[in-house]
Amino acid sequence: MASDTIGASEDINSRFSGHFYLRGEAGYEDARVGRIWHANKPDRYPAAVLMAESEDDLVNGVRLAREKGWSIAVRSGGHSFPVWSVRDSGLLIDLGGFKELSYDPETQIVSATTSVKGGDELNPYLKQFGRYFAAGGCPSVGLGGFLLQGGMGWNFRGWGYSCEQVFAVDLVTADGELIRADDTQNTDLFWAARGVGPGFCGLIVRFHLKTRPITDGVAVSMQAYPVERYADVLQWLWDQHPHISDKVYFNAVSARPPIPVPGHDGGLVFMIWACAFCDTQEEAAAALEPLKTCPYRDEAILVSDAQPTTLPEQLSLVDQLHPQGLYYKVDSAWVDGPQPDIIQAMKTLVIDRQAEDIGYTFLIFRLPRPDDAPEIAMDLGTDLCVGAYIIHEADSASDKLRNWLRDAMGELEPYTVGQNWGDSDQTFREVKCLTDASWARFQKIRAARDPDGVFHSHLAGEGGFQNRNGWEAKD
Ligand SMILES: Cc1cc2nc3c(=O)[nH]c(=O)nc-3n(C[C@H](O)[C@H](O)[C@H](O)COP(=O)(O)OP(=O)(O)OC[C@H]3O[C@@H](n4cnc5c(N)ncnc54)[C@H](O)[C@@H]3O)c2cc1C
């Protein structure tokens, strides 16, 4: 039986090195929403919040929740757009004050707690060892949410989901036991920790991650076109995609350019951004060479070929596209079907963005996974993801922009297989993030590992539905 009250005689705080706040206490509100990175603050209220600071806090937090009959929600970096960490009732365990990093030069594995930020903290730490990890484009995203939902990091196109580089995870189970999951033990949880997203049935303490060497051959090519020319340029890029080296990570975006474009009025452009991850600059230039063959290049308003660059330089560009503290609405679609039809169906998203919105539409490509790629939970298997970030200052525009986004994404529904957890909000539009087989497999794991629902399951869509394409259900 869940109880949201604790007797005054109970000195809960003495169980933790971090601070425990009961709803109604001073400090509760800041603990509930203060670490959310953007302006989306939900009207959902946990019974209590634990600002954890140590491994013991995590174990004791889970044990306390069991005692009280509370369900647990977790926060690491605080970036989730629908704010999965803030749920009604139960205990929110916030891991922001629990940061540990260590590196083993022999195995080249880095161990990191989950609130460590991939770009801002993990990679600066790894630099001293000449290594890096394929963290997300936005440097402040926490490893916890990022890796659990798959993680589209550097060179996602060629290297796949960042969670494929997870070697092992340490976690607290629903029974309050600290265990390790890897290829040889607790393999069900190891599979699930690589992609089931924000309904994982355990509290991850730390990830053990394979790292890559920092090389001298990182270079970037960019081309920007008038946004109205997106269809031809995109069709060309999509045709080329299977033939371009797997060392080249490229995306296309419809955005206000994050760099000065001479003569441009500041409105949307359609940009190709391609970054090669090679050993030498010569190799990178050769890998980027196919980008030069775009037949519409003479219409481009900006062209820059194979410029040597670094990840911090590229991160600062990505950072400019994501101002902190504003309202965000996101949606995405892994698409499959006739390419010209899909390209037409994204026209509203690419060209007709609303005046209040300073966000962008992105197209992320991926190559087929090699046969020896690890088995992970997240994988919808198509080669193009269309996503939209709506970013705005005034909450008063929220309803209008949400509806615009739903209608614009709706045009892609005939071709939509599913979406990314990280770019989804199931409370607003129901789109599956896992294949039916992966979802069914996870439900069995959850039933076996957490039969009492100690951990909150995924935030459901209308009517409590999870992992379904809403428009198919209505057919
Ligand atoms: C500006 C911006 C840019 C982004 N760019 C990218 C990108 O390039 N690639 C990409 O893949 N994603 C990207 N994302 C999406 C991002 O990866 C997800 O929102 C992710 O959930 C954020 O992780 P977090 O730890 O910061 O979030 P949080 O809100 O702290 O966590 C999200 C959820 O993950 C689960 N979780 C987190 N930690 C744990 C844990 N220790 N144990 C159990 N469950 C846990 C919980 O359910 C939690 O509520 C971006 C997001 C933003 C805001």
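For ligands, and for the atoms within them, numbers begin at 1 and follow the listed sequence.
Considering backbone and side-chain N/O atoms, S80 comes within less than 3.5 Å of an N/O atom of ligand 1. Residue S85 has at least one nitrogen or oxygen atom sitting less than 3.5 Å from a nitrogen or oxygen atom of ligand 1, judged on distance alone. By the 3.5 Å distance cut-off applied to N or O atoms, G199 is not counted among the residues near ligand 1.
No side-chain donor-acceptor contact under 3.5 Å links E53 and S17. Between the side chains of S76 and T114, at least one donor N or O lies within less than 3.5 Å of an accepting N or O. Residues R63 and N60 have side chains that never bring a donor and an acceptor to within less than 3.5 angstrom of each other. Side-chain contact, Q149 with N420: no donor N or O sits under 3.5 Å from an acceptor N or O.
Each of the following atoms of ligand 1 lies closer than 4.0 Å to a heavy atom of H322: 1 (C). Heavy-atom proximity to P198, at under 4.0 Å, picks out these atoms of ligand 1: 47 (O). For ligand 1, the atoms lying closer than 4.0 Å to a non-hydrogen atom of L95 are 41 (N). Counting the atoms of ligand 1 from 1 in the order shown, those under 4.0 Å from a heavy atom of R75 are 30 (O).
F16 and F20 have parallel rings, their planes meeting at less than 30° on a 0 to 90° scale where 60° marks the start of perpendicular. Ring orientation note: the planes of H322 and Y360 are nearly perpendicular, at an angle over 60° on the 30°/60° scale.
Given atom 8 (O) of ligand 1, the protein heavy atom at minimum distance is G137 N, 3.0 Å. Counting only heavy atoms of the protein, atom 28 (P) of ligand 1 lies nearest to G78 N, 3.4 Å. Of the protein's heavy atoms, V74 CG1, 3.6 Å lies nearest to atom 40 (C) of ligand 1. In terms of protein heavy-atom proximity, atom 11 (O) of ligand 1 is closest to M152 N, 2.7 Å. For atom 22 (C) of ligand 1, the closest non-hydrogen atom on the protein side is H79 CB, 3.7 Å. Ranking protein heavy atoms by distance to atom 17 (O) of ligand 1, first place goes to Q149 NE2, 3.1 Å. Looking only at heavy atoms of the protein, atom 16 (C) of ligand 1 is closest to V141 CG1, 4.0 Å. The nearest heavy-atom contact from the protein to atom 31 (O) of ligand 1 is G145 CA, 4.0 Å.
If you check each of A193, G202, G96 against atom 43 (C) of ligand 1, the one with the closest non-hydrogen atom is G202. For atom 2 (C) of ligand 1, the nearest non-hydrogen atom from the set C138, S140, C163, S424 belongs to C138.
Within the 4.0 Å heavy-atom shell around ligand 1 one finds G151. Contact between Y389 and ligand 1 is present, with at least one heavy atom of the residue lying under 4.0 Å from the ligand. Using a non-hydrogen distance threshold of 4.0 Å, S115 does not register as a contact of ligand 1.
Of all the heavy atoms of L148, the ones lying under 4.0 Å from any atom of ligand 1 belong exclusively to the side chain. Residue W37 touches ligand 1 through its side chain alone, judged by heavy-atom distances below 4.0 Å. Within the 4.0 Å heavy-atom criterion, the part of T114 lying near ligand 1 is the side chain and not the backbone. Neither the backbone nor the side chain of L143 has a heavy atom within less than 4.0 Å of ligand 1.
The neighbour count for Y28 OH, taken as heavy atoms of other residues, nucleotides or ligands under 6.0 Å away, is above 12. Within a 6.0 Å radius of CD in Q443, other residues, nucleotides and ligands contribute more than 12 heavy atoms. Summarising the local packing, NZ of K99 is surrounded by more than 12 heavy atoms from other residues, nucleotides or ligands at distances under 6.0 Å.
Between the side chain of R157 and the backbone N or O of H241, at least one donor-acceptor pair lies under 3.5 Å.
A salt bridge links R66 to D452: one of the charged nitrogens lies within less than 4.0 Å of a carboxylate oxygen. At a threshold of 4.0 Å, the pair R366-D383 does not count as salt-bridged, since none of the basic side-chain nitrogens sits closer than that to a carboxylate oxygen.
Annotation: the span from F200 atom CZ to R449 atom CZ amounts to 8.5 Å, rounded to 0.5 Å.
The side-chain tip of R212 does not point at the ring of W154 from less than 6.0 angstrom away and within 45° of straight on.
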